[in-house]
K.L.:
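Before I ask anything, let me first share the structure, which is written out below as structure tokens.
Convention: sequence-line order gives letters A, B, ...; per-chain numbering from 1.
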Amino acid sequence: MPRPITLATWNINSVRIRTGLIERLVAERDPDVICLQETKCPDANFPEGVFRKLGYPHIALNGQKGYHGVAVISRIPIASVDRRPFCGKGDARHIGVVLDAPGGPIDLHNLYVPAGGDEPDPAVNDKFAHKLDFLEELSGWIGRAPAGMPSVVVGDLNIAPLEDDVWSHKQLLGVVSHTPRETAALEAIRTGGRWIDLMRSFVPCPEKLYTWWSYRAADWAAADKGRRLDHVWISEDLRTRAAGMEVLRAARGWDRPSDHVPVLARFER
DNA sequence: ATGTCGTACTCCGTACGA
């Protein structure tokens with residue numbers, strides 16, 4: 001059986017200061033495609049050369065200075081690139097590519113949903129209003145079933161939709177990322193588009209599953225107060241090819257870590 | 001669980017976003 005295709009998604013929280021951590025991910029797991037969020041880097045300053053030397057010649061960028069920014073770094077050829085603006089703000093929060101993959105093209109979308117600030121009330125918090133607007137726009141686009149091509153949506157969606165996606169459902173019901181308004185909106189988008197929650201297809205509830213642990217915890221591993229903010233959704237036509245999923249929890253303990261860890265998804269060719 | 005990060009400018013400290 002040929003080696004599976006491995007996709008990784010990781011909110012790297014600055015690609016420039018954590019290039020070495022991505023090299024470690026490559027050394028340990030050798031993903032074919034790496035989707036990054038929060039690169040915090042204009043395209044002209046992206047460390048493309050490092051990734052080319054690592055064996056990733058196909059690179060698609062949508063970055064901006066200081067904040068946000070997404071990237072796709074690939075061993076598999078990229079046939080086309082699409083950068084979608086959201087909410088008319090000019091933020092770099094989406095990049096879509098068509099991978100010229102063995103077994104046929106795959107439509108891959110890499111997203112960074114707004115965090116939404118602290119107060120879960122759009123009337124007093126513009127950031128939360130922006131998050132809800134973003135979800136509404138996402139619903140009108142990706143909330144339709146994809147047609148004609150196997151499709152994958154990955155990224156930091158900044159929402160932990162299920163009760164077992166957070167360390168305490170009751171204690172986080174009023175905390176941005178797990179409020180009923182956000183979780184209902186995200187699940188409606190996912191089910192409306194007939195997207196499969198790949199991570200939960202391999203690790204069903206009630207098992208806890210997290211991808212993010214706050215920097216502010218004194219001991220993130222001991223407290224283990226995590227949330228599943230990062231996601232991999234696949235279209236129905238990829239279901240039988242989905243071969244595995246891994247949350248690289250150990251990466252949260254690497255030197256100068258991101259507060260998010262990589263999520264890996266494997267597909268048969 | 002108001003705590004710790006990274007970035008950019010206000011530029012060796014402060015403001016902002018997360």
K.L.:
Rounding to an integer number of Å, can you tell me how far A:Asn125 CG sits from B:dA18 C1'?
P.N.:
12 Å
K.L.:
To the nearest Å, how far apart are A:Asn13 CG and B:dC5 P?
P.N.:
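Computing the A:Asn13:CG to B:dC5:P distance gives 11 Å.
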K.L.:
Between A:Thr240 and A:Glu268, is there a side-chain donor-acceptor contact under 3.5 Å, judged purely by atom types and distance?
P.N.:
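No, no side-chain donor-acceptor contact under 3.5 Å.
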K.L.:
Looking at A:Arg249 and A:Asp224, is any side-chain nitrogen of the basic one under 4.0 Å from a carboxylate oxygen of the acidic one?
P.N.:
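Yes, charged N to carboxylate O under 4.0 Å.
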K.L.:
Got a sec: does the CG of A:Asp118 have more than 12 other heavy atoms crowding it under 6.0 Å?
P.N.:
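It does not: A:Asp118 CG has 12 such atoms or fewer within range.
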K.L.:
Roughly how many Å apart are B:dG6 and B:dA1, using the P atom of each and rounding to a whole number?
P.N.:
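23 Å, rounded to whole Å.
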K.L.:
Quickly work out the A:Arg227 CZ to B:dA18 P distance and round it to whole Å.
P.N.:
14 Å
K.L.:
Does a nitrogen or oxygen in the side chain of A:Ser14 sit under 4.0 Å from OP1 or OP2 of B:dT7?
P.N.:
yes
K.L.:
A:Leu157 has an atom CG; how far is it from atom C1' of B:dA18, in whole Å?
P.N.:
16 Å
K.L.:
B:dG6 phosphate, OP1 or OP2: any side-chain N/O from A:Arg16 under 4.0 angstrom?
P.N.:
no
K.L.:
So does A:Lys65 get a side-chain nitrogen or oxygen closer than 4.0 Å to the phosphate oxygens (OP1/OP2) of B:dT7?
P.N.:
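No, no such contact exists.
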K.L.:
Could you give the distance separating B:dA8 and B:dG3 at their C1' atoms, to the nearest angstrom?
P.N.:
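23 Å, rounded to whole Å.
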K.L.:
Side chain of A:Arg216, heavy atoms from C-beta onward: which of B:dA1, B:dA18, B:dC16 has the nearest atom to it?
P.N.:
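Looking only at side-chain atoms, A:Arg216 lies closest to B:dA18.
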K.L.:
Over all strands shown, is A:Ala223 touching base, sugar-phosphate only, or nothing at heavy-atom distances under 4.0 angstrom?
P.N.:
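A:Ala223: no heavy atom of the nucleic acid under 4.0 Å.
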K.L.:
Roughly how many Å is it from OH in A:Tyr215 to P in B:dG17, rounded to a whole number?
P.N.:
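Distance, rounded to whole Å: 18 Å.
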K.L.:
Given atom CH2 of A:Trp254 and atom P of B:dC5, what is their separation to the nearest angstrom?
P.N.:
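Computing the A:Trp254:CH2 to B:dC5:P distance gives 18 Å.
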K.L.:
In terms of the nearest nucleotide of DNA chain B, which residue is placed more toward the 5' end: A:Gly66 or A:Gly117?
P.N.:
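The answer here is A:Gly66.
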K.L.:
To the side chain of A:Lys40, which of B:dA18, B:dA1, B:dG6 is closest?
P.N.:
B:dG6
K.L.:
What integer number of Å spans the C1' atoms of B:dA18 and B:dT2?
P.N.:
14 Å
K.L.:
Rounded to the nearest Å, what distance is computed from the CZ atom of residue A:Arg18 to the P atom of nucleotide B:dA18?
P.N.:
16 Å
K.L.:
Which value, in whole Å, describes the distance between the P atoms of nucleotides B:dT10 and B:dA15?
P.N.:
13 Å
K.L.:
If each of A:Tyr112 and A:Val15 is mapped to the nucleotide of DNA chain B with the nearest heavy atom, which maps nearer the 5' terminus, i.e. the 5' end?
P.N.:
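Its nearest nucleotide being more 5', the pick is A:Val15.
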K.L.:
A:Lys127 near the nucleic acid: base, sugar-phosphate alone, or nothing, with a heavy-atom cut-off under 4.0 Å?
P.N.:
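Contact class for A:Lys127: sugar-phosphate only.
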K.L.:
With C1' as the reference atom in both, quote the distance from B:dT7 to B:dC12 in angstrom, rounded to an integer.
P.N.:
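The answer is 16 Å between these two C1' atoms.
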